[in-house]
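Since the structure comes first, as structure tokens, the remarks are kept for the end.
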Protein chains: 2
Amino acid sequence: MSITIKDVAKKAGVSISTVSRVINGSKPVSNEIRQKVLKVIEETGYMPNPVARSLVMKKSQLIGVVVPDLSNVFIGEILNGIEEIGKMYDYDILLCNTYGQLEQELRYLNLLKAKQVEGIIFMTWNLQEKLVEYLEKIEVPVALINRNTSKLHTPSVSIDNFKAAYEMTEFLIKNGHKRIALIRSSMDQNAFGLDQYNGYKKALDDHGLEIHEELIRYGNWKMENSYQIVKDFIDENILPTAIFAASDEMAIGAINCLLDNGYKVPEDVSVVGFNDIKLASIYRPKLTTIHQPIYDIGAVAMRMIIKKINGEEVDSNVVTLPHELIVRESSKCIE
Amino acid sequence: MSITIKDVAKKAGVSISTVSRVINGSKPVSNEIRQKVLKVIEETGYMPNPVARSLVMKKSQLIGVVVPDLSNVFIGEILNGIEEIGKMYDYDILLCNTYGQLEQELRYLNLLKAKQVEGIIFMTWNLQEKLVEYLEKIEVPVALINRNTSKLHTPSVSIDNFKAAYEMTEFLIKNGHKRIALIRSSMDQNAFGLDQYNGYKKALDDHGLEIHEELIRYGNWKMENSYQIVKDFIDENILPTAIFAASDEMAIGAINCLLDNGYKVPEDVSVVGFNDIKLASIYRPKLTTIHQPIYDIGAVAMRMIIKKINGEEVDSNVVTLPHELIVRESSKCIE
DNA sequence: GTGAAAGCGCTAACAA
DNA sequence: TTGTTAGCGCTTTCAC
């Protein structure tokens, strides 16, 4: 089998404790012996067994990462950030995909705890009550992605979704739009996207614009879905002059539907998105959207977790990263 | 701390082996005692410590998954497949992102072994010689993604890239194209994409068409890159009537460049892709491309690994999944 | 500065 | 059928 600390000790003619000491630098070892041990390690290619180490130290160098979808580029980019920072600190990622299903989320949270992960980065579309409770009393450090609800006791990192949505809506208003549709996420109270919804409403309010309930629709972050929603607008004959989709994918679904039905974007309808995934500037017309530092969100979350693990003070439980309104081709000023 | 098997044993008034037996069903236990133990487990919420279990069994219920990029939708979808099947069999995923760098790949392979993973699913852009060697003598089961080179001893799952590329090229030829550019992957001998290249060449050959070396370019799977390549075609005044990109992303980059420079697709130039990622049918013009069962590739690889772990016979070392040529809007017949 | 020994939580002979 | 015991490979007291 694999070579163990015992083998190294024997070959070097020392005790296993000594070997352990030179590996971990946990206690002084005379230079002579250290060299001898190091040489044997070199020769044998010995690598300490992390599982054994985990068992005794109750540490695993593992971070559990829970996401609702792996084929979502937004999430993928966040994962890139997480992984990159993890690598820097020698943390590995235990990946869990839940498709946003509560049952899976709970199951995985349990499993991760059992696997002795040292921290958990958690992402979901819909942060249900049950989850919140669970997360608040879990023993390992947790970081939430894309939730800036300070009501939660659980730390999180995201942009200011409320403000961003407010800005975008205001931008549309200042461009002369009065009937502005919103394609947001699920209806659930705790759904990701609630902040966007509130920002949207506040902006309309502040500018004395009426809120047309029939123009607020619930999507599921999928293009097909927003496509259908816009189709409904058309069929119901209530197509607005602007559509604000809570994600770039949904914006693109909306645009495609418009194009397929003979409408021009942005000439007939302005469509704006959210996130600024790579596709946003590649799709034609290029999307007007809210830019988020996606990679950084992942990176910051990981840094936060690692700090917590090391018992370092974390400045704030809710990290809010900057966003930016990017005006491209999918929106226009109307008279 | 957490509750252990000892606690359960004490509470139930039995030995730890008995508890172990009821957990694992490894040996018969009288019904009476089983119930008692089960009850204690229920009450205490006891969960066996997988780390300890790993240590003694030298099994971890962990599969290492090595990928070159997480924000790539093609890879994301494969991951979905891998994860889904893993979940079914209670395997978890240790995720490693290498950005295709050999150094990282080697490092992770080592690390995964140390972490006692039971299998490894490996994906890279460029399967370098050193990697091949390493993979052939690694002790744990390995499955390669998207390599159908039977020269390798390492099992793999993919479509028949050669055949697919051949079909696509032939399709273009039959559509009247004579000057067909290929945007393939890196120049490296072992690069993913070599099969496509060969299929392309063979098709031209078989149809008596000359191979224009200047029309064969090396991309890096990124849109920006193929964009530039097409720009070069334009600047060098050698724009062909058809462009075959080895990935949908690269096809889209190519189209964007064409559009930006006043060319129409497919009227002026036909552009076809490879993979049929979701975007392919969402982007306008919709892409003519080769459909791959992406999710299935991941799922099959995972199944394969699990079979190997269980010592089951695996039918074939090289699993080739079906592909399909999908004709959409980005290509047309020329006279 | 070094080694012996205990123990992390679990499984699996081996006895009974 | 059940319990006792010896490890899995490692870290860490505690003596020396």
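The structure displayed is predicted, hence computed values, not measured ones. Every chain is numbered from 1, with letters handed out A, B, ... down the list of sequences.
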**OP:** By nearest nucleotide on DNA chain D, pick out whichever of B:Ala52 and B:Asn31 is the more 5' one.
**Re:** B:Asn31
**OP:** Measure from the side-chain heavy atoms of B:Arg53 and tell me the nearest of D:dT4, D:dC10, C:dC10.
**Re:** C:dC10
**OP:** Give the intermediate values and the outcome of side-chain hydrogen bond (donor to acceptor under 3.5 Å, both in side chains) for residues A:Asn310 and A:Tyr89.
**Re:** CA-CA 11 Å; A:Asn310 295 336; A:Tyr89 292 91; over 6 Å; no
**OP:** Evaluate the criterion salt bridge (charged side-chain N to carboxylate O under 4.0 Å, His left out) for residue pair A:Lys59 and A:Asp90; output intermediate values, then yes/no.
**Re:** CA-CA 12 Å; A:Lys59 292 205 23 155; A:Asp90 266 323; over 6 Å; no
**OP:** Take atom NZ of B:Lys58 and atom P of C:dC10, then tell me their distance rounded to the nearest Å.
**Re:** 17 Å
**OP:** Record whether the side chain of B:Ser17 comes under 3.5 Å of the base of C:dT11 through a donor-acceptor pair of N or O atoms.
**Re:** no
Subject >> First of B:Gly13 and B:Met57 reached from the 5' end of DNA chain D, by closest nucleotide >> reply: B:Gly13
**OP:** Describe the nucleic acid contact of B:Pro48 in one word from base, sugar-phosphate, nothing, applying a heavy-atom distance below 4.0 Å.
**Re:** sugar-phosphate
Subject >> Closest listed nucleotide, where the reference is the side chain of A:Val56 and the choices are C:dG7, D:dT1, C:dT11 >> reply: C:dG7
Original post:
For B:Glu133 and B:Lys137, what are the C-alpha separation, side-chain angles and deciding distance, and is it a salt bridge (charged side-chain N to carboxylate O under 4.0 Å, His left out)?
Top reply: CA-CA 7 Å; B:Glu133 285 170 28; B:Lys137 61 171 189 261; 5.2 Å; no
Original post:
If you look at every strand shown and take non-hydrogen atoms under 4.0 Å, does B:Val14 touch a base, only sugar-phosphate, or nothing?
Top reply: sugar-phosphate
Original post:
Expressed in angstrom and rounded to an integer, what is the separation of B:Ile16 atom CD1 from D:dG7 atom P?
Top reply: 15 Å
Original post:
Quick one: which of C:dA5, C:dC10, C:dA12 gets closest to the side chain of B:Thr4?
Top reply: C:dC10
**OP:** Check the distance between D:dA6's P and B:Leu55's CG and give it to me in whole angstrom.
**Re:** 18 Å
**OP:** Examine the side chains of A:Thr18 and A:Ser15 and answer whether a donor and an acceptor come within less than 3.5 Å of each other.
**Re:** yes
Subject >> Interatomic distance where CD1 belongs to A:Ile5 and P belongs to D:dT12 [whole Å] >> reply: 11 Å
Original post:
Quick one: the side chain of B:Arg21 and the base of D:dG3, do they pair up donor-acceptor inside 3.5 Å?
Top reply: yes
Original post:
For the pair made of CD in A:Gln116 and P in C:dC8, what is the distance, rounded to whole Å?
Top reply: 13 Å
Subject >> A:Glu118 versus A:Tyr91, side-chain donor and acceptor atoms under 3.5 Å >> reply: yes
Original post:
Rounded to whole angstrom units, what separation is found between the CD atom of A:Gln61 and the P atom of D:dC10?
Top reply: 15 Å
Subject >> Separation of atom CG in B:Asn49 from atom P in C:dC8, rounded to whole Å >> reply: 12 Å
Original post:
Looking only at side-chain N and O atoms, does B:Lys59 come under 4.0 Å of OP1 or OP2 in D:dC8?
Top reply: no
Subject >> Presence of A:Thr18 side-chain N/O under 4.0 Å of C:dG3 phosphate oxygens OP1/OP2 >> reply: yes
Original post:
A:Met47 has an atom CE; how far is it from atom P of D:dC10, in whole Å?
Top reply: 11 Å
